[in-house]
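Each remark here refers to the structure printed beneath this line.
Each chain gets a letter, A, B and so on, in the order the sequences are listed, and its residues count up from 1.
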Amino acid sequence: MSDTVTRFAPSPTGFLHIGGARTALFSWLLAKSQGGKFLLRIEDTDRERSTQEAIDAILEAMTWLGLDHDGEVYYQSQRADRHNEVIDQLVESGHAYWCNCSKEDVDAMRDKARAAGRKPKYDGRCRERGLGPDCGGVVRFKTPLAGAVSYTDMVKGPSAVNVEELDDLILRRSDGGPTYNLAVVVDDHDMGVTQVLRGDDHVNNTFRQIPIYEAMGWQVPSFGHVPMILGPDKKKLSKRHGALSVMEYEKMGYLPEAVLNYLVRLGWSHGDQEVFTREELTRLFTTDTLSSSPSVFDLQKLEWMSGQYMQGADVNRLTAEVTKIIEFEVGRDEAEKLNLKILPKAIPLLQPRAKHLVDLAEQSRLFLVDVAFLMYDETAVKKFLTPEARALLEEIAPQLEAIEEWTEASIEACLRSFIDEKELKFKVLAQPVRVAVTGTTQSPGLFETMAVLGREQTMTRMRRVVEDFGL
RNA sequence: GUCCCCAUCGUCUAGCUGGCCCAGGACGCCGGCCUCUCACGCCGGUAGCGGGGGUUCAAAUCCCCCUGGGGACGCCA
């Protein structure tokens, strides 16, 4: 067990989207790859916007992805006393001060600075005024007046910014509550976090947080900032821009490990390898090969990845998932009438053909329904169930019926000997039989499909076609 | 406006200590093979170092400028 501690710290103002999930994944992998701990902290200090629904949604998504955290979930809002304690210490040690400038005053300062072509910032006029708690204002941090703040980013490398770019950020609001930047520093320190991996949009915060660590005499953790995920138009992925909740991907039928694998390749690489098991990932992950440039989310590649995982997935699991989907779609009562028992035999035939679970459920349909509910594709019927074809079906039906043991091999033997006798091409028979049995021109192998479907259902379907599809 | 970051096929990326790269893999797309259809699989093809200057015998790789994109500048996180 190393002393590596990482964390994921979402603010519960909405669902966990794909970008957040990836950040969480990288942090999780960083911890796991070093035998360390991965902590979860909910940053709910904004009471206005934080909701229990969002917290639940985030937790649910983390669970679905299998990104388990060590220990209890931390709630930032529950640590306000500790935050305030640190703020008081900072004031006492002269690293922070009270300020009662009005919002309007500060806005004016910023506007002025902006107009003068400088970076908008508070000018620190209350720094040496020696105000106390009775001033009714806020507490600000005394940002160093000269020099630069620098650190080595785990993904971007050496980074530095001149302190002139920073201003005296607020530590405690006028309502007495601690602000984000202060709370994060205190929490990360108290939780023993050694490596902070977060989104690119936090780089500026890093430069503001490091001086706080230093003022407290605390060890500064390592920081790494991963680039954003972009939409197809190369704009930042937002809720408007297809930044879906990770749970939406579950609804669409994607396996969590496929989503995870897709996500990890979005910004991280291990040579040319595309598919990784979770074990490989925890063994191979390094921040060294995290990309420093933003990447575009590509649903097509996710689909491909998903297909890879569908092929290798356990049949029992797929059976359970497909059953769930069908029960959800048609209702439990209706689902009971379906021949769900056939699923474990049917699914292996469908696996190489399905992109995801919903797809698999859809394709399972032809095995589940009774002939009366089987949908026949109109153009397929027109094209292949011609009078000649139906005559063939009618002729072969008794022969199929007479097969002693209904197996893939015996079905194939029966059909092949039939066409040999007729001196026909196998294709001439295959498509009509396929359409008769499955309703469409696309299906798994004919013999295996018929074998799984069973003699009775197969024959019923063939007879129906002969009788009902007369022109 | 100011500061920071980024820049290889349409997309994800390998390339990081310069020569093995007239740039490799994957998705997609196109063609073929397999074949009872569709998939899977296999084979082949398409397509890229944003632009301009340097440094060097040699640059996708190092430096500078430009351009383009992104992010940040809150008593939000």
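- The phosphate of B:U37 has neither OP1 nor OP2 within less than 4.0 Å of any side-chain N or O from A:Ser443.
- Between A:Thr45 and B:A77 there is a side-chain N or O to OP1 or OP2 distance below 4.0 Å.
- Note: CD (A:Glu104) to C1' (B:G74) measures 14 Å, nearest angstrom.
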- request: Just do the side-chain hydrogen bond (donor to acceptor under 3.5 Å, both in side chains) check on A:Asp44 and A:Ser77 with the steps written out, would you?
  value: CA-CA 6 Å; A:Asp44 55 350; A:Ser77 62; 2.8 Å; yes
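- In this structure, A:Arg434 does not reach the B:C38 phosphate: none of its side-chain N or O atoms is under 4.0 Å from OP1 or OP2.
- Between B:G74 and A:Arg110, a contact under 4.0 Å exists linking OP1 or OP2 to a side-chain N or O.
- A donor-acceptor contact closer than 3.5 angstrom is absent between the side chains of A:Glu274 and A:Gln308.
- To the nearest angstrom, C1' of B:A14 lies 15 Å from CG of A:Asp288.
- Map A:Gln431 and A:Pro10 each onto its nearest nucleotide of RNA chain B; the residue landing nearer the 5' end is A:Gln431.
- Judged by centroid separation below 5.5 Å and plane tilt below 30°, A:His202 does not stack onto the base of B:A72.
- A donor-acceptor contact under 3.5 angstrom links the side chains of A:Asn261 and A:Tyr309, judged on distance only.
- At the heavy-atom level, A:Val203 lies nowhere under 4.0 Å from the strands shown.
- OP1 or OP2 of B:U13 lies within a sub-4.0 Å distance of a side-chain N or O belonging to A:Ser295.
- Distances shorter than 4.0 Å separate some side-chain N or O of A:Gln308 from OP1 or OP2 on B:G41.
- Rounded to an integer number of Å, the gap from CH2 of A:Trp268 to C1' of B:U13 is 12 Å.
- At the heavy-atom level, A:Pro120 lies under 4.0 Å from base atoms of the strands shown.
- A salt bridge is absent between A:Arg140 and A:Asp167: the closest approach of a Lys/Arg side-chain nitrogen to an acidic carboxylate oxygen does not fall below 4.0 angstrom.
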